[in-house]
Peer 1: 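If you scroll down you'll find the structure; I have some questions about it.
Source: prediction; values computed, not measured. What's counted below: heavy atoms across the whole structure, side chains too, no hydrogens, waters or symmetry copies.
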Amino acid sequence: MKNEEKFEKNGLGSLLFPIVTAVGMGIILFFKDVSAGYEYLVALIPMLLLIGIIGTWLYNRDGDMKLFGAIACLSSIGVGLQLYIDARYITQSSFSLIKLLAGIVIAGCFVMFYRMIRKLLTYHVTGYILMAVSALLYGILIFRGIDPNGYGTSAWIRLGSITVQLTDFTKICAILYYAALFSAEKNKSDRAVLVHSSLFFGINLAGSLLIKELGSFLILMFLHLSILFIFMRRSTFKRIYLIVIFCSIFGAVAMSFILYHLISPAHDAGTMNSFQSLLWPIINKVHQRFSVTANINADPYGSGYQLYQGRKALWMAGLFGNSINFTAIPVAESDMAFVALVNSFGWIIGIFALICFTRIIISGCMLSLRLVHVQLQDSIVLFGATIMIFLQAMIVILGSCNVIPFTGLPIPFLSRGGTYQAIVFCFCGLLMLASEHDGTRLIDRRKQISTDSLDTEEMTEQEEDEDADTQTLKIGF
């Protein structure tokens, strides 16, 4: 009884907390900028309706309300941040509430159709189909990809007046591929799993290099290694494979620096051959990212300008945001969204956002762990969705704070971008669905079945003993 009351109290608090956060962001915006506050007030009405409807639905089904609270709080913070950026910065695009709501609707449709998708993952041929789809997506980007923002990567295609980042769809393909690889009807040996997954990994590597999109590949690489490490059986062959991959990655970075110094004179003289011309954009990008991270003051108004301004913004932030109207953060609506958040609203809000991301990975990993012995396929999908949200957030946040090399990807919930935000909502929908659908209930049911079986066996043995004792007594008489 006490546990039930405690659960209801925690669940209700997790439902009310995002409502308080959404309203609180509106109050803060009115103090920061009145026009942004009025714009937020328009967005607040549908946000509160969605929080109330989705939260009540999940609460009535004993879902993970802490997970829901973290997602809802980050969404409210992201909307407030984007509206404030529109009021203070000159951006290439403006925040669209319609795109945000469309992303939520797309996520709802994806969750409803996931039951059909998960059935297809059990077929042996599905893995090959997903491999072909990933190769096709990279092929489209190689020949038809564009670079609308000048980031040096052709990861987008244009559909009329809309630009779509296709590399986000390769992440969905990757999650579904690994789920199909481990849960197909025809069981594969460890060697076959490594061969097939390495082929898929190679497709992503080659495609990422050709379109010069190393940030997304970094996330796909970590997903590849972590899934093999967690979901494959222990074996010497697996350990050797993972060690070789890690050594190859560090070796590739070191080789990039060596090639940079070898090819740089030819580049400056304009005498590069065709092979050097093919390698130069990639190795130059790698060298630039690591060099800027190691010494941001080497070129503060050139390649290091974005991070240099970001560092100044973090210094000026304080607990409640800067008070001197510093608005010189480049690409504040996308790559540098976390820096803009801290600079605009202070370290208190920034740390709160980090806590919400931490809550997501804790809840997601716990859900995956609960399902690993019940439904391996769903366990891998949930783990992949959690990694995609948390890892991308941490990589971009740490990169924008100049802790690790900067990747230039959007931050889930905080950055602007219709395609990626819709995919993030799809991942969140899967996590919330799993938290109330089959996770704990199936495990509790298995435990109950096991307990009932043991009780039945004990009762049978007791009855047999009683029968034997009865027969002994009869013989004695």
Peer 1: Aromatic rings Tyr128 and His124: how do their planes relate, parallel, tilted or perpendicular, breaks at 30° and 60°?
Peer 2: perpendicular
Peer 1: Between Phe68 and Tyr59, is the gap from one ring center to the other below 6.0 Å?
Peer 2: no
Peer 1: Thinking salt bridges, do Arg118 and Asp378 make one under a 4.0 Å N-O criterion?
Peer 2: yes
Peer 1: Would you call Ile411 and Phe357 a side-chain contact if the rule is heavy atoms closer than 4.5 Å?
Peer 2: yes
Peer 1: Does any part of the side chain of Ser197, heavy atoms only, come nearer than 4.5 Å to the side chain of Leu228, both counted from C-beta?
Peer 2: yes
Peer 1: Which atom pair, heavy atoms only, marks the closest approach of Val111 to Leu430?
Peer 2: CG2-N, 3.9 Å
Peer 1: Quick one: are Glu213 and Tyr138 in side-chain contact, heavy atoms under 4.5 Å?
Peer 2: no
Peer 1: Taking the six-membered ring for Trp and the full ring for Phe, Tyr or His, determine whether the centres of Phe231 and Phe383 are under 6.0 Å apart.
Peer 2: yes
Peer 1: What orientation do Phe200 and Tyr178 show, parallel under 30°, tilted 30 to 60°, or perpendicular over 60°?
Peer 2: perpendicular
Peer 1: Please answer whether the main-chain N or O of Leu100 pairs with a side-chain N or O of Gln421 as donor and acceptor at a distance below 3.5 Å.
Peer 2: no
Peer 1: Verify the neighbour count for atom CZ of Phe222: are there more than 12 heavy atoms of other residues, nucleotides or ligands below 6.0 Å?
Peer 2: no
Peer 1: Compare all side-chain heavy atoms of Leu120 with those of Tyr123 and state whether any distance is below 4.5 angstrom.
Peer 2: yes
Peer 1: Going by salt bridge (Lys or Arg N to Asp or Glu O under 4.0 Å), name the pairs with one or both residues in residues 394-417, residues two or more places apart or in two chains.
Peer 2: Asp86-Arg416
Peer 1: Looking at every non-hydrogen atom in both residues, tell me the closest pair between Ile423 and Phe169 and how far apart they are.
Peer 2: CD1-N, 4.2 Å
Peer 1: Under 3.5 Å, is there a donor-acceptor pair between the Asp168 and Thr419 side chains?
Peer 2: no
Peer 1: Can you confirm whether or not the ring centre of Phe201 sits under 6.0 Å from the ring centre of Phe217?
Peer 2: yes
Peer 1: Should the heavy atoms of other residues, nucleotides or ligands under 6.0 Å from NZ of Lys99 be counted, would the total exceed 12?
Peer 2: no
Peer 1: Could you pull out all residues at least two apart from Arg234 that satisfy salt bridge (Lys or Arg N to Asp or Glu O under 4.0 Å)?
Peer 2: none
Peer 1: Side-chain donor-acceptor pair under 3.5 Å between Tyr241 and Ser198, yes or no?
Peer 2: yes
